[in-house]
Each structure stands twice: as structure tokens, then as C-alpha cells.
Amino acid sequence: MKLVIGLDGHSSGEKALDFAKIVAAKADSCELIVVYVIEWSPFSFQTAEENAQRHKRREEEIALAMGRVVNPAVASLIEAGLSARGIVRHGDVADTIDKIARDEGATQIVIARSSTGGLTSRLFGSSTANLVMNAHVPVTVVA
């Protein structure tokens with residue numbers, strides 16, 4: 001069994017991790033894949049130099065997300081005796097999490113409903129709805 005856990009970088013992600021731990025502990029064998037998606041449009045109408053700077057910024061954002069969000073989450077799962085690894089990608093949140101789940105052969109996606117305000121909440125909130133409606137595997141939304 002493989003579970004994809006989508007994190008949004010807020011404390012609500014702890015709820016998704018806790019739920020995934022419970023599910024994984026009940027399974028004979030389970031790999032947990034912690035995913036963080038940085039909203040990013042693939043379209044650009046910039047110069048070659050601006051695109052090079054944009055690519056560098058993307059790489060910096062991936063490293064930052066791995067260090068602040070994904071690696072600590074993976075470490076907590078491994079400390080609990082579970083098999084876990086992390087992935088950070090740029091793109092549309094719902095589409096990217098669904099694609100990772102399909103590519104990895106996941107049996108389920110676990111995400112938390114964000115309770116914080118602001119732009120991130122709106123983006124992830126609508127992404128949660130899009131993921132629930134369009135995912136190719138079952139999605140569990142932890143409140």
C-alpha cells in the first residue's frame with residue numbers, strides 16, 4: 001500500500017500526517033509519500049535571462065520547502081517506524097498531487113483541510129475540492 005500525504009505548509013498538515021500514521025500502522029506494508037506542491041504556472045513571456053532567474057528561484061523554493069516542510073514530516077514518520085519519503089514539485093496543487101499518486105501507484109491520497117485564512121487557504125481550499133472531485137484514487141480529507 002502507498003499513501004500520498006499532501007501538505008500545505010501549515011499546522012493542518014499535522015492532522016494529515018497523524019491520520020496517515022494510523023492507516024499505515026494498521027497495514028502490513030505501507031509506504032508514505034509526503035508531497036508539497038508550490039503553486040507555479042508553466043507559462044512565461046519573459047526573456048531568456050528572466051527565465052534563467054525564474055528557474056533558479058524554483059530550485060531555491062524546492063530546497064526551502066524540503067527543509068522546512070517535507071524533511072521534518074518524513075523524519076517524524078520514520079521515527080514512528082514507518083517507511084516514508086518526500087517529493088516537492090511546482091504546478092497546480094490538485095493536478096500535481098493526483099499525478100504523483102498515479103505515477104507512484106498510490107492507493108489513497110490524504111490531505112488536511114486548511115483552517116488558516118488568506119491566499120494560501122483559498123488556493124489550497126479550492127485545490128482540495130478539485131482534488132476530491134478529479135483524483136484517480138480515493139482522497140481522504142482530514143478536518
How close do [X] and [Y] get, counting heavy atoms only, and between which atoms?
X: Ala16; Y: Ile5; value: CB-CG2, 3.9 Å
X: Ser127; Y: Val93; value: OG-CB, 3.4 Å
X: Ala94; Y: Asn130; value: CB-CB, 3.8 Å

Side-chain donor-acceptor distances from residues 23-38 under 3.5 Å, at least two apart:
| from | atom 1 | to | atom 2 | distance (Å) |
| --- | --- | --- | --- | --- |
| Glu31 | OE2 | Arg85 | NE | 2.5 |

>> My understanding is that only residues two or more places apart in sequence, or in another chain, count here; which of them pass salt bridge (charged side-chain N to carboxylate O under 4.0 Å, His left out) with Lys21?
In response: none
> Looking only at atom types and distance, does a side-chain atom of Asn134 sit under 3.5 Å from a main-chain N or O of Asp95, one as donor and one as acceptor?
Replying inline: no
> Got more than 12 heavy atoms from elsewhere within 6.0 Å of CD, Glu59?
Replying inline: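 It does: Glu59 CD has more than 12 such atoms within range.
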> Near Lys2 NZ, under 6.0 Å, is it more than 12 heavy atoms from other residues, nucleotides or ligands?
Replying inline: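 Check passes, neighbour count above 12.
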Is the shortest side-chain heavy-atom distance between [X] and [Y] below 4.5 Å?
X: Glu60; Y: Ile62; answer: no
X: Gln108; Y: Val139; answer: no
X: Val110; Y: Val142; answer: yes
X: Leu7; Y: Leu17; answer: yes

> So Thr140 and Ile111, side chain to side chain contact (heavy atoms under 4.5 Å, CB included) or not? Walk me through it.
Replying inline: CA-CA 6 Å; Thr140 300; Ile111 55 175; over 6 Å; no
Would you give me the side-chain donor-acceptor pairs under 3.5 Å for residues 70-79, sequence neighbours excluded?
| from | atom 1 | to | atom 2 | distance (Å) |
| --- | --- | --- | --- | --- |
| Asn71 | ND2 | Met66 | O | 3.3 |
| Ser76 | OG | Ala73 | O | 2.8 |

